[in-house]
Amino acid sequence: IMCASAKYNTRGPALIPRMKTKHRIYYITLFSIVLLGLIATGMFQFWPHSIESSSDWTVEKRSVHDVPVVKLPADSPIPERGDLSCRMHTCFDVYRCGFNPKNKIKVYIYSLKKYVDEYGTSVSNTISREYNELLTAVSDSEFYTDDVNRACLFVPSIDVLNQNTLRIKETAQALAQLSRWDRGTNHLLFNMLPGGPPDYNTALDVPRDRALLAGGGFSTWTYRQGYDVSIPVYSPLSGEVDLPERGPGPRRYFILSSQMALHPEYHLELEALQAENGESVLILDKCTNLSDGVPAVRKRCYKNQVFDYPQVLQESTFCVVLRGARLGQAVLSDVLQAGCVPVIIADSYILPFSEVLDWKRASVVIPEEKMPEMYSILQSIPQRQIEEMQRQARWFWEAYFRSMKAIALATLQIINDRIYPYAAISYEEWNDPPAVKWSSVSNPLFLPLIPPQSQGFTAVVLTYDRVESLFRVITEVSKVPSLSKLLVVWNNQNKNPPEDSLWPKIRVPLKVVRTAENKLSNRFFPYDEIETEAVLAIDDDIIMLTSDELQFGYEVWREFPDRLVGYPGRLHLWDHEMNKWKYESEWTNEVSMVLTGAAFYHKYFNYLYTYKMPGDIKNWVDAHMNCEDIAMNFLVANVTGKSVIKVTPRKKFKCPECTAIDGLSLDQTHMVERSECINKFASVFGTMPLKVVEHRADPVLYKDDFPEKLKSFPNIGSL
Amino acid sequence: MQTRKKYIFLTFLASWLLLFLFGGDQLRRFSLFSGKRAEARRNWPRWTDRSLLKSFADPEELQRDGDPSLLSPRERRAAWLSAYRSSRCRMETCFDFSRCEKHGFKVFTYPQERGQPISETYSKILSSLERSRYHTANPEEACLFILSIDTLDRDHLSGQYVRDVDEKIRGFPLWNGGRNHLIFNLYSGTWPDYAGDLGFDIGQAILAKASFDTESFRPGFDISIPLFSKEHPQRGGDRGWLYQDSVPPKKKYLLVFKGKRYLTGIGSGTRNALHHIHNGKDIISLTTCKHGKDWEKHKDTRCDKDNIDYERFDYQELLHNSTFCIVPRGRRLGSFRFLEALQAACIPVLLSDGWELPFAEAIDWGKAAIVGSERLLLQIPSAARCIHPERVLAFQQQTQFLWDAYFSSVDKIVHTTLEIIKDRLSPHRSRSRFLWNTLPGGLLVLPDFSTHLGDFPFYYLQHGYSPSKKFTAFIRAASQAGSLSQPILRLIQAVSGSQYCAQIVVLWSCEKPPPPSGKWPQTTVPLTIIQGRRQLSDRFFPFEAIQTDAVLSLDEDTSLSTSEVDFAFLVWRSFPERIVGFPTQSHFWDPEQGRWGYTSRWTNELSIVLTAAAFYHRYYHSLFTEYLPAGLRELVDRLAACEDILMNVLVAAVTKLPPIKVTQRKQHKEAAAQQAECRDGAEGSPSAPLPAPAKVKGTAGSRRFSQRQGCLNQLADWFGYMPLVSSQLRLDPILFKDQVSVLRKKYPSLEKP
């Protein structure tokens, strides 16, 4: 601020040179006010006059019956029938969506009207409970805009969820007179029950021109892939009945059919299955002799046995979902809710949200022709997979079926992903249940690459003021053939690094980076100077590693580029007495960490450590000046799910070395601190990611009875 | 002074007046307007009577969907079947599934007629089909048919164009209206109609075509394949160009394009606009007008400058040094540069509206490419800049995986096409999208083995499973003697002593029947004897008896101790996708001979672990027996000393990783020569490390040696490259030979000489 005001003062007199200071202030005020006035005037003259329009929603306390009535003249225009060749690039106007940093489409909802024909007869029910829920969800979502001019997608409030409740021609006319209809461009209609007797078309029959259709029950012939969205048929039972999730595992029945009024042909086939396989197949139907007051939709019967619906679905491993007159069936939602694996028998049916959901993980699709083989097909599925499908089915219901809100948001997200494909939600995010997301890892370095040896590695030495020892380390490390650069991170702010001429002369470039603060995390910063993939982190007092050992370490890292490859190993143990984790540096048969006093790792982990370390770990480490190496071990193990690789035998460390590697590793308080670190990190990560292994890497011929001079790495393990 | 003050005051007043006159009204509105904005968005109203609204459908209506008196669903389906023929084919309407039931998925290629010209590319496709494990020479058992007529180039101006296809097809008795036929096509139509049809009636045949447009594509029926050049290798294929993972991507350019610009006609719109995003710094977008003979006639004002800029950059150089590559439509929707960019790990930015992307039924392109919109070209640079470095890294790796799994050779393209069709035949035994898009890729995952991810060695980490905690010891016995030898008895004792051993399975590969059960040693774990055939490849048959994930493959004369087995198994559990074993050998390139060399001498490297003592995942038995074509297994049986090399090559081809050697107490003798011994048991027992290849003369060992070397070269030829990868390390117990008290060590016995 000081610099800026000083600048201003020096410039001031030059601008208005002839006036005295006290008058200048008046003029400046005056001019700025005039200027402001002009700007304001100008702005408001050209401001879009959208303020007066449509202020009819502002009153909150209204009834659906009070909405304005619109009369449709008999000759008002009807849109063209749906255009089957429509795709996003032909029928959708992307220019309306524009580029925005959030990568979210804007959705506008038309205000609710009641449409009547010339004689005043209503065209349809004004709005159903479900459609109202859907529009409320859209309105509450971050997609929503109330500004029709900024909208990318338009959702009519005309309810077409159920084709049976509306008059087709008049509904079409109502659509056509919407203010931004424009042949239906960028309009989205939601329909769950398409078609009507006798043909039961698989898509909404209302002529809708270019409008997108989110439909339940598409067939492959009516579904415009990449344009329409296939949605579930919502089951109102989802909201009424609370079925707690049941753990996966064997259930009482193997196959259950719960649909009422199946076509007799299917019924016969199911009965044949039952006859063949006995009690493990249960075929339910409508109850005929229910006492009054019991809703028929909540009961199912087999002979004289009465079952509660949908609870009975939880008693079966597989539940049949057969096509009826329509392809989409509400029972699918009930079945998923019950965690029963749906067996879908409806050829050419486009499953809900099939653009993003991997139904092979949650269901079994059987061609209608193969219905008689259903039992043997289902028997061939491994039990472990069935359990996974049960979990997956329930997850699909929870995420995408359970409410109109879930259905609406998934639909909008799918359209959003098409418009901003580079910001689209991944397969894993759509499909992995939370439990899988939690227990699985997705390794950022998943491609099995063995980095070329020629690349070499960059040694990063963190130092404070031990110059003599530092110079020895530099000299030693520079003997390693694959070293390509040496980076010294000078962490001492009170003292300058030695002059250039004093540094050891080595064959590779040597750079000194001065840091702003004495922090341990400086060691793991992704410096631009690190140009190789491999980084060797080494303390300024690790002088005992031979050139062969370091070179071999680099070779091992090349074979395991996604792991920490280091020399001294450490272990974490569960302390049963204290009921917490404990740090162990004794000579054990196991290892779960390597110290970063001397370790190879991929530069990517520097990036992760600096920018993606969970919780407050990074700052905590800097504040405590300890455990940065443990934090790095946690980070790498957590993201890759893999263990560290300890290389080469344990040296018979003389004590300067023990202290060198661990600071004060023999000190009891130090051990306590390190144990605290492990407990702290485990709680931040929410899990213990470290993996315990019993192996270390040695050269192929290590200690073999073979002439030393023929071995690639003879000088390993020397004391 | 006074006057000046007055003036100031007056001007002040005047300006205020002016302000109110023009702006006041607006200002008042402004305050009102902004107040309302802050108050609330005009959301969808909360209707007072919303709880009274009726449901969209009566519950009964939802649950009783269907009216039995109507047309039965089956009849309605039949009506669809007849209505949707040809142009709207689907598998259920145009494909005869019953042909595939009896013999499974078998592919028949029409015999080539004499005098019928066939392009180089089409003959590669045909030979890929013949190399496939699904190929059959008998049309009776075939499920899928492929014409011998070259239908790749349907540009009737092209030299490869075959005339009168319709007439020829009609002459084929198997044609049957195209039912169950698969037709390959790379180019269709010509100027100005490139979308055009093929110039003959494909009827109900499945079309596998490059540059497919979404409109004529029959979803779930046709297959979009990538456009590939005639130089595309038959098998193997070059690897991708990504050698290192760097974050941020250290590439010189962000986004590049270099290609033709069409002055008129199809595809000109997008390509003409490409120069707008060129900035000469990190975005290089170059076009040339030089195209066709008479380009100068149509030339516009930009052409001269464009042509000069164009020459200044090298296409290959750009491809190597850019993070993103624009892949716009050309005359057709797809172009060669798509695969070129994919191989180069240059993330494709697709600007080709309406292109059905190659194998989109299986491949999730959103993980490897940016599917842009031609209309939003100008947004591409900012969109590309906004992508996080980590995502860029993931994209780059995915391009390499996809390239290597599905595109790098004609074999892979053709086999992917076949597998996609096969998956449609039985949806319940098909690959999920996850399998197609995760290493090692769909071709290497057999849904017939299992559809559960946990049964494969590849997905443990991604899905939080772990390999089973026990193993099956699988011993192949082939000795002449009718009784049990000492080594096998010792081996059974040692193995059954392992706490991780679940069962022992002995594969008895001799003509003489195995000794009766009483002669076998008593073990704590179940022991099963399988009477095998005498083929060597038999040892990798997926026997039902093997119930655990891990298999410990052993020869009867292998000598191992219980600790060695225990330690090796624990190591395997860390590397379940690799072969983990004891004695090793290695391969090397012999530049003098111009071929692969093989050595069993002690070296500093290893690339083959002998299956005489090795742990691996049981899935590899299935891959070996079912994935590899029968020809390769016959080769192995004939050569008599090569089955373990093939197994190593196979696992390396799948994982791209070297095997793992673990500590072994005694050096293994090259005694495996007894493997074929039921036949030639007198072969003797070659001892210790073999002499160098140059010195080999005449011994039984040398014959075996040259057999193995020959085998290695034949396998490299079949795979089209050398899959084996070398390693320089051995895994030992943590305290192995450390100067620590023996009492502290878990595996002290491994150190005894």
Side-chain angles (χ1 to χ4, degrees), chain A residues 26 34 37 40-41 44 51 57 63-64 85 89 99 128-130 135-136 139 146 161-162 220 225 236 260-261 263 265 297 324-325 330 347 358 360 364-365 377 382 384-385 421-422 424 439-441 445 447-448 451 533 555-556 587 589 604 607 641 649-650 694-698 700 703 712, chain B residues 8 15 19 22-23 26 33 41-44 47-49 53 55-57 59 62-66 72-74 90 92 214-215 219 243-245 247 353-354 364 366 370-371 379 383 397 427-428 432-433 452 461-464 570-571 604 656-657 728-732 734 737-740 746:
Chain A
Y26 287 119
V34 172
T41 317
F44 284 103
I51 303 149
W57 287 9
S63 153
V64 175
S85 68
H89 67 278
F99 181 78
S128 65
R129 186 168 66 229
E130 284 79 9
L135 294 179
T136 307
S139 162
D146 57 0
L161 281 181
N162 183 354
T220 60
Q225 185 142 25
M260 299 194 283
H263 195 275
E265 279 181 9
V297 291
D347 286 2
D358 190 346
K360 282 178 188 168
V364 185
V365 175
I377 287 174
R384 285 202 293 172
Q385 192 183 351
Y422 37 85
S439 67
S440 68
V441 292
L445 305 170
L447 192 71
E533 281 180 89
E555 298 293 343
V556 172
W587 295 34
N589 286 289
Y604 182 79
Y607 173 86
R650 175 145 192 169
E694 297 189 0
H695 53 254
R696 71 162 199 245
D698 289 325
V700 174
K703 293 265 179 184
S712 310
Chain B
I8 291 167
S15 56
L19 195 68
F22 293 111
Q26 309 277 357
F33 175 68
R41 292 191 303 182
R42 280 157 307 142
N43 281 345
W44 184 252
W47 305 108
T48 48
D49 49 356
L53 290 174
S55 177
F56 77 111
L62 276 176
Q63 289 189 8
R64 307 174 38 105
D65 175 50
S72 90
R74 188 147 298 172
R90 298 292 182 268
E92 58 267 33
T214 45
E215 206 171 315
Y243 285 95
Q244 53 170 303
D245 298 323
V247 166
D353 288 348
D364 185 354
I370 311 288
V371 186
Q379 290 181 8
Q397 294 178 76
H428 61 278
S432 68
R433 227 170 149 70
H452 179 59
L461 290 172
Q462 278 123 313
H463 273 258
L570 290 179
V571 171
N604 287 294
K656 323 273 181 236
L657 295 169
Q728 302 196 54
L729 57 91
R730 181 183 78 199
L731 295 183
D732 293 329
I734 299 274
K737 297 207 174 169
D738 279 353
Q739 293 185 351
V740 196
K746 188 171 171 191

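- Ranked by heavy-atom pairs under 4.5 Å with chain B, the first of A/Leu445, A/Val297, A/Leu161, A/Thr136 is A/Val297.
- With hydrogens and angles ignored, the 3.5 Å screen pairs a side-chain donor or acceptor of B/Arg90 with a backbone N or O of A/Thr220.
- Here the side chains of B/Gln379 and A/Tyr422 are in contact, with some heavy-atom distance below 4.5 Å.
- Taking B/Leu729, B/Thr214, B/Asp364 one by one and counting their heavy-atom pairs under 4.5 Å with chain A, the maximum is reached by B/Leu729.
- Closest approach of A/His89 to B/Gly354, counting heavy atoms only: CE1-CA, 3.0 Å.
- Without hydrogens or angle criteria, A/Ser139 side chain to B/Trp44 main chain gives a donor-acceptor distance under 3.5 Å.
- Only the side chain of A/Val364 comes within contact range of chain B, judged by heavy atoms closer than 4.5 Å.
- Counting heavy atoms from C-beta outward, B/Glu215 and A/Ser85 have side chains that approach closer than 4.5 Å.
- Using a 4.5 Å cut-off on side-chain heavy atoms (C-beta onward), B/His463 and A/Val441 make no contact.
- Annotation: the span from B/Asp245 atom CG to A/Tyr604 atom OH amounts to 9.5 Å, rounded to 0.5 Å.
- Using a distance-only test at 3.5 Å, with no hydrogens or angles considered, no donor-acceptor pair links the side chain of A/Asp347 to the main chain of B/Glu92.
- For A/Ala424, the part lying near chain B is the backbone, with the side chain staying farther off; criterion is any non-hydrogen pair under 4.5 Å.
- Each of A/Glu555, A/Lys360, A/Glu130, A/Arg696 has some count of heavy-atom pairs under 4.5 Å with chain B, and the biggest count is that of A/Arg696.
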Does the pair B/Lys746 and A/Glu694 meet the rule for a side-chain contact (heavy atoms from CB on, under 4.5 Å), with working shown? CA-CA 9 Å; B/Lys746 188 171 171 191; A/Glu694 297 189 0; 2.4 Å; yes
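- In terms of heavy-atom proximity, A/Leu447 sits nearest to B/Gln397 at N-OE1, 2.9 Å.
- Counting heavy atoms from C-beta on, the side chains of A/Ser128 and B/Leu53 never come closer than 4.5 Å.
- With a threshold of 4.5 angstrom between heavy atoms, B/Leu731 approaches chain A through its backbone and through its side chain.
- Between chain A and the residues B/Gln462, B/His428, B/Gln244, the most heavy-atom pairs under 4.5 angstrom are made by B/Gln244.
- Of the inter-residue distances, the one linking B/His452 atom NE2 with A/Arg384 atom CZ reads 4.0 Å to the nearest 0.5 angstrom.
- Both the backbone and the side chain of A/Asp698 come within contact range of chain B, with heavy atoms under 4.5 Å apart.
- Looking at B/Leu461, both its backbone and its side chain come within 4.5 Å of chain A, counting heavy atoms on both sides.
- Between the NE2 atom of A/His695 and the CG atom of B/Asp732 there is a distance of 10.5 Å, given to the nearest 0.5 Å.
- Closest approach of A/Asn162 and B/Phe56 over heavy atoms only: ND2-O, 3.0 Å.
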